[in-house]
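Every value quoted in this text rests on a predicted model; they were computed, and no experiment measured them. The basis for the numbers below is simple: all heavy atoms, side chains too, and nothing from hydrogens, waters or symmetry mates. In this chain, numbering begins with 1 at the start of the sequence shown. Atoms within a ligand are numbered from 1 in the order they appear, just like the ligands themselves.
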Amino acid sequence: MHPLAEGIKNRNLRALARAITYVENDHPEKLALMSDLYRLRKGAYYVGITGAPGAGKSTLVNRLIGHLRAAHRSVAVLAVDPTSPFSGGAILGDRVRMATHFTDPDVYIRSMGTRGSLGGLSRSAKDAVRILDAFGFDVILIETVGVGQSELDIMEIAETTAVVVTPGTGDVVQVFKAGVMEIADVFVINKADLPGAGPLHGQINAMLDLVRAAGGWRPPVVRVSATKGEGLAELWEACCNHRQYLSDTGSGVHRRRIIRRKEILEIVRDEALRRLEERFLRELDNILETEDLDPYSGAAKLMARWSEAGGRCFPEQPDERAAADREAPDS
Ligand SMILES: Nc1nc2c(ncn2[C@@H]2O[C@H](COP(=O)(O)OP(=O)(O)O)[C@@H](O)[C@H]2O)c(=O)[nH]1
Ligand SMILES: [Mg+2]
């Protein structure tokens, strides 16, 4: 077993932090480590919290931590902010959370910013969730700003995704635009202490009537005031009901299979790209040794060399080649 996996198995917090740094930095031992850790996973409940900047996600997550700790659940928070260059440290709302839960060993908070791996932030965030699962947290909250495709990708790993909207910001339009509709399992109207929560509630329900087919899971709409600490129990209950639904209907198993399939493809794509890049760089250095090319001519030359080499990234096996020749009919 990888030493860091061993450390995580023994619930060593430094090993945990280092493992997440490995996936962030695309450490060469990442695959071996992740493979060990996948076997160690304990079946944590993965909950995604997404929404526009300022919707109150961090405040809400902080409250959820309190709610879950009162129920003796250990909690890890992965705060993913693609707009932040910071990583591994405390950013914005995290400082408050860190201060509140600083001395609690059953709360772990980690931020991830743009400094991502080859597969991007989404890939490293998913890996980080697996690591936290292996460590043994009961609940993993994945908080991300719902602005682009990579955030939607991150949410794929969540079993339950809560979409946070607020009154008076035209959020319903946002929800329609971003394709967030498809990933929402629970709608949270945060800042329900402000005017406009009622009409917003109605709008979301009307939208659900339009979009959601009958028979499946209909996302409940929960009103919350994160600052006042109201509606937290209802929110958590809605999430747990969704998890129960996934398990009762077997759709959770199906979902996990689809996610795993996509994850494998992502990993292979990143690895293939990495290997290809190494070879490309080597070849490029050879070219630049003798020629002083501008970027475009250099790219053209490299692509030409690649074509000459048959466009392959793996060495050919002679017998495979022979088999392919036998099978391919002459045209
Ligand atoms: N009135 C009101 N303000 C809130 C509520 N929740 C968060 N806020 C405020 O909204 C602002 C953004 O909150 P934050 O948690 O940082 O949002 P995030 O960007 O989604 O993480 C802060 O000033 C919060 O105090 C709420 O329930 N009611
Ligand atoms: Mg925040």
Side-chain angles (χ1 to χ4, degrees), residues 47-68 75-102 107-116 121-122 125 128-129 139-148 150-152 154-155 158 160-175 177-178 180 183-201 204 220-239:
V47 180
I49 315 269
T50 189
K57 297 177 298 298
S58 299
T59 315
L60 186 64
V61 163
N62 194 32
R63 287 287 188 180
L64 274 177
I65 295 173
H67 183 75
L68 291 165
V75 191
V77 176
L78 189 68
V80 186
D81 189 351
T83 62
S84 165
F86 301 108
S87 161
I91 51 169
L92 304 170
D94 298 346
R95 283 204 197 104
V96 181
R97 285 192 292 229
M98 298 249 184
T100 317
H101 302 284
F102 187 63
V107 175
Y108 184 83
I109 297 161
R110 173 80 179 225
S111 301
M112 283 184 138
T114 43
R115 191 191 67 189
L121 192 53
S122 162
V129 170
V139 177
I140 300 167
L141 301 175
I142 308 145
E143 173 189 335
T144 183
V145 182
V147 285
S150 69
E151 296 73 62
L152 294 183
I154 292 167
M155 284 306 156
T160 301
T161 297
V163 173
V164 184
V165 291
T166 51
T169 50
D171 263 323
V172 171
V173 182
Q174 288 286 329
V175 167
K177 263 196 219 153
V180 182
I183 63 159
D185 301 307
V186 175
F187 277 102
V188 183
I189 299 179
N190 187 36
K191 310 195 186 182
D193 52 290
L194 298 179
L200 179 58
H201 199 143
I204 294 173
V221 185
V222 189
R223 293 195 214 181
V224 171
S225 172
T227 40
K228 291 189 172 174
E230 290 167 3
L232 273 309
E234 290 80 358
L235 169 57
W236 190 247
E237 196 190 331
C239 291

_Approximate separation, where rounding is to 0.5 Å, of Leu60 CG and Asn190 CG_ = 5.5 Å
*Looking only at heavy atoms, which two atoms of Gly56 and Ala226 are closest? And how far apart?*
O-CB, 4.5 Å
*Report yes if some N/O of Leu194 lies less than 3.5 Å from some N/O of ligand 1; otherwise report no.*
no
*asked:* At less than 4.0 angstrom from any non-hydrogen atom of Asp193, what atoms of ligand 1 do you find?
replied: 1 (N), 2 (C), 26 (C), 27 (O), 28 (N)
_Could you report the tightest heavy-atom contact between Gly51 and Lys57, atom names first, then the distance?_
O-NZ, 3.1 Å
*Of the non-hydrogen atoms in Ala158 and Ile142, which two are nearest, and what is the gap between them?*
CB-CD1, 4.3 Å
_Polar proximity ligand 1 side, Lys228 side, N/O cut 3.5 Å exclusive_ = no
*Applying a strict 4.0 Å limit to heavy atoms, is Gly51 in contact with ligand 1?*
no
*asked:* With respect to the Mg ion (ligand 2), please indicate if Thr59 possesses an N, O or S atom at a distance under 2.8 Å.
replied: no
_Using every non-hydrogen atom in the two residues, find where Thr161 and Met155 come nearest and quote the distance to one decimal._
OG1-O, 3.7 Å
*In ligand 1, which numbered atoms sit nearer than 4.0 Å to a non-hydrogen atom of Ser225?*
27 (O)
_From Cys239 atom SG to Leu141 atom CG, the distance as rounded to the nearest 0.5 Å_ = 8.5 Å
*Any atoms of ligand 1 less than 4.0 Å from a non-hydrogen atom of Ala52? List them with their elements.*
20 (O)
*asked:* Regarding atom 17 (O) of ligand 1: of the candidates Ala79, Gly56, Ala226, Gly229, which has the closest heavy atom?
replied: Gly56
_Between ligand 1 and Pro53, is the shortest N or O to N or O distance under 3.5 Å?_
no
*Asp193 to Ser225 - nearest heavy-atom pair and separation*: OD1-OG, 2.9 Å
_Residue part near ligand 1, for Asn190, under 4.0 Å between non-hydrogen atoms_ = side chain
